[in-house]
Amino acid sequence: MHLSADEIKQLEKFRLSNNRTNSPLAIRIDRLLDENELIAYLQSVRQKIGARNQAAAASMLIKRHSFLVAIVLYAMSVWNKRLSLSFDRIWMETDDESETWLPTFRFESLECTMADENRDKWREKTIQLLFAEHITLLIEQLRKITNISPLILWENIAIYIVWLYETLLEENKSVHLHNRIYDDFLFVIQEADGRLFGPYSQNPLRRFWKGEKGDRRRSTCCLYYQTAARSHCRTCPLCCESS
C-alpha cells in the first residue's frame with residue numbers, strides 16, 4: 001500500500017517532499033548515525049546557520065529532524081498508517097537558494113502498512129522503530145560528538161510533538177478520530193514505556209509535558225541565540241529569567 005496523492009499533499013506542510021537536491025546538506029538519514037559523517041555534516045550545518053559551535057548546530061539539526069517525527073506520527077494517528085521506516089531510503093534535502101535552513105524529507109518509497117487488529121501493539125512498534133532505532137541513536141551520537149545535553153534535544157522534539165497533536169486535536173472534531181488522536185498524544189508524550197525509546201527506564205519526553213494548561217516555557221535553552229539569528233525563542237527560559 002502507498003500513500004495517496006491527497007495524503008502526500010497533506011504531509012507537505014510537515015516538509016515531506018519528493019524533490020531531490022544536489023546540496024552538500026542533502027544526506028540519507030541513516031548516514032547521520034556514522035560518527036565521521038555526522039561530524040562533517042554538523043560542520044556544514046554550522047556554516048549554513050552561522051552557529052557559534054557544534055552544540056548549537058546539533059540542537060538545530062534535531063529541531064529540523066523533528067519534522068520527520070511529525071510526518072510519521074501524523075500518518076499513524078490520522079490515517080492509522082505506518083510509513084516505511086527504512087532509514088537507508090529516507091533523505092534530508094536542502095534548498096541551497098534559501099537563506100533559512102529548512103530541510104525537507106524525501107522517502108524513496110512512500111509505502112505504508114495499516115494498523116492491525118491489535119492497534120496498541122502496532123502503535124508500540126511504530127514508536128520503537130522511529131525512536132529506539134533512529135532518533136535516540138542520533139541523539140546519542142550528537143551528545144558524544146558535541147557534549148550537548150540530551151535534555152535539550154529531547155525537549156526540541158517534545159515541543160514539535162505537542163504542537164503537532166494540539167493542531168490535530170483542533171482540526172479533527174469527529175469524536176472517534178479526536179479520541180484516537182488524543183489517546184496517541186498521551187501515549188507518545190507520557191505513557192509509552194521507556195524501552196520503546198531505547199535504553200531508558202522511563203519515557204524521555206514525559207518531563208517536558210506540563211499538561212494542557214501548563215506553563216509553555218521551555219525547561220532548557222535550545223541555543224538558537226547562538227546561531228546567526230542571535231535571538232531567543234519566545235519560550236526560552238533564559239529570556240524569562242532575565243526579564
Participant: Would you tabulate the side-chain donor-acceptor contacts of residues 219-226 under 3.5 Å, counting partners in other chains and residues two or more places apart, or write 'none'?
Facilitator:
unit_1	atom_1	unit_2	atom_2	d
Thr220	OG1	Glu155	OE1	2.7
Thr220	OG1	Arg218	NH2	3.2
Gln226	OE1	Asn53	ND2	2.8

Participant: Indicate yes or no for a side-chain donor-acceptor contact from Glu7 to the backbone of Ser4 under 3.5 Å, with no hydrogens or angles considered.
Facilitator: yes
Participant: If only atom types and distance count, is the side chain of Asn172 paired as donor or acceptor with the main-chain N or O of Leu168 below 3.5 Å?
Facilitator: yes
Participant: Any sub-3.5 Å donor-acceptor pair from Gln141's side-chain atoms to Leu33's backbone N or O?
Facilitator: yes
Participant: Can you list every pair that meets ring-ring contact (aromatic ring centres under 6.0 Å, His included) and has a residue in residues 19-38, with sequence neighbours left out?
Facilitator: none
Participant: Which residues satisfy the salt bridge (Lys or Arg N to Asp or Glu O under 4.0 Å) test with Asp120, sequence neighbours excluded?
Facilitator: Arg123
Participant: Is any side-chain heavy atom of Val162 less than 4.5 Å from a side-chain heavy atom of Lys210?
Facilitator: no
Participant: How many angstroms lie between atom OG1 of Thr94 and atom CZ of Arg64, to the nearest 0.5 angstrom?
Facilitator: 10.0 Å
Participant: Write out all pairs satisfying salt bridge (Lys or Arg N to Asp or Glu O under 4.0 Å) with one or both partners inside residues 92-101, taking only residues at least two apart or from two chains.
Facilitator: Glu93-Arg106
Participant: Are the side chain of Ser23 and the backbone N or O of Leu25 linked by a donor-acceptor pair below 3.5 Å?
Facilitator: yes
Participant: Quick one: which residue pairs count as a ring-ring contact (aromatic ring centres under 6.0 Å, His included) with a foot in residues 89-111, not counting sequence neighbours?
Facilitator: His65-Phe105
Participant: Using modelled atom types and a 3.5 Å cut-off, is there a donor and acceptor pairing between side-chain atoms of Arg206 and backbone atoms of Gln190?
Facilitator: yes
Participant: Given side chains that start at C-beta, do those of Tyr160 and Val69 come closer than 4.5 Å, heavy atoms only?
Facilitator: no
Participant: With Glu191, which residues qualify under salt bridge (Lys or Arg N to Asp or Glu O under 4.0 Å), at least two apart?
Facilitator: none
Participant: Arg207: which residues meet the side-chain contact (heavy atoms from CB on, under 4.5 Å) condition with it, sequence neighbours left out?
Facilitator: Leu151
Participant: When you compare the side chain of Ile159 with that of Phe208, does any pair of heavy atoms fall below 4.5 Å?
Facilitator: no
Participant: Under 3.5 Å, is there a donor-acceptor pair between the side chain of Arg195 and the main chain of Ser201?
Facilitator: no
Participant: Does the side chain of Ser66 come under 3.5 Å of the side chain of Asn156 through a donor N or O and an acceptor N or O?
Facilitator: no
Participant: Can you list every ring-ring contact (aromatic ring centres under 6.0 Å, His included) pair that touches residues 9-48, not counting sequence neighbours?
Facilitator: Phe14-Tyr74, Phe14-Trp163
Participant: Could I get the full list of ring pair (Phe, Tyr, Trp, His ring centres under 6.0 Å) partners for Phe87, not counting sequence neighbours?
Facilitator: His134
Participant: Between Trp209 and Phe185, is the ring-ring contact (aromatic ring centres under 6.0 Å, His included) condition met? List the steps.
Facilitator: CA-CA 11 Å; Trp209 170 238; Phe185 175 43; 5.0 Å; yes
Participant: Any pair with a residue in residues 33-55 that passes salt bridge (Lys or Arg N to Asp or Glu O under 4.0 Å), sequence neighbours left out, goes on the list, sorted by first then second residue, please.
Facilitator: Glu35-Lys144
Participant: Taking only Lys NZ, Arg NE, NH1 and NH2, and the carboxylate oxygens of Asp or Glu, determine whether Arg119 and Asp184 approach each other closer than 4.0 Å.
Facilitator: yes
Participant: With a 6.0 Å cut-off (strictly less than), is the heavy-atom count around CG of Asn22, excluding the residue itself, greater than 12?
Facilitator: no
Participant: Please identify each residue that fulfils salt bridge (Lys or Arg N to Asp or Glu O under 4.0 Å) with Glu117, with sequence neighbours left out.
Facilitator: none
Participant: Any side-chain heavy atom of Tyr200 within less than 4.5 Å of one from Trp154?
Facilitator: yes
Participant: With sequence neighbours left out, what residues match Lys9 under salt bridge (Lys or Arg N to Asp or Glu O under 4.0 Å)?
Facilitator: Glu12
Participant: Can a donor-acceptor pair be found, under 3.5 Å and without considering hydrogens, that links the side chain of Asp193 to the backbone of Leu196?
Facilitator: no
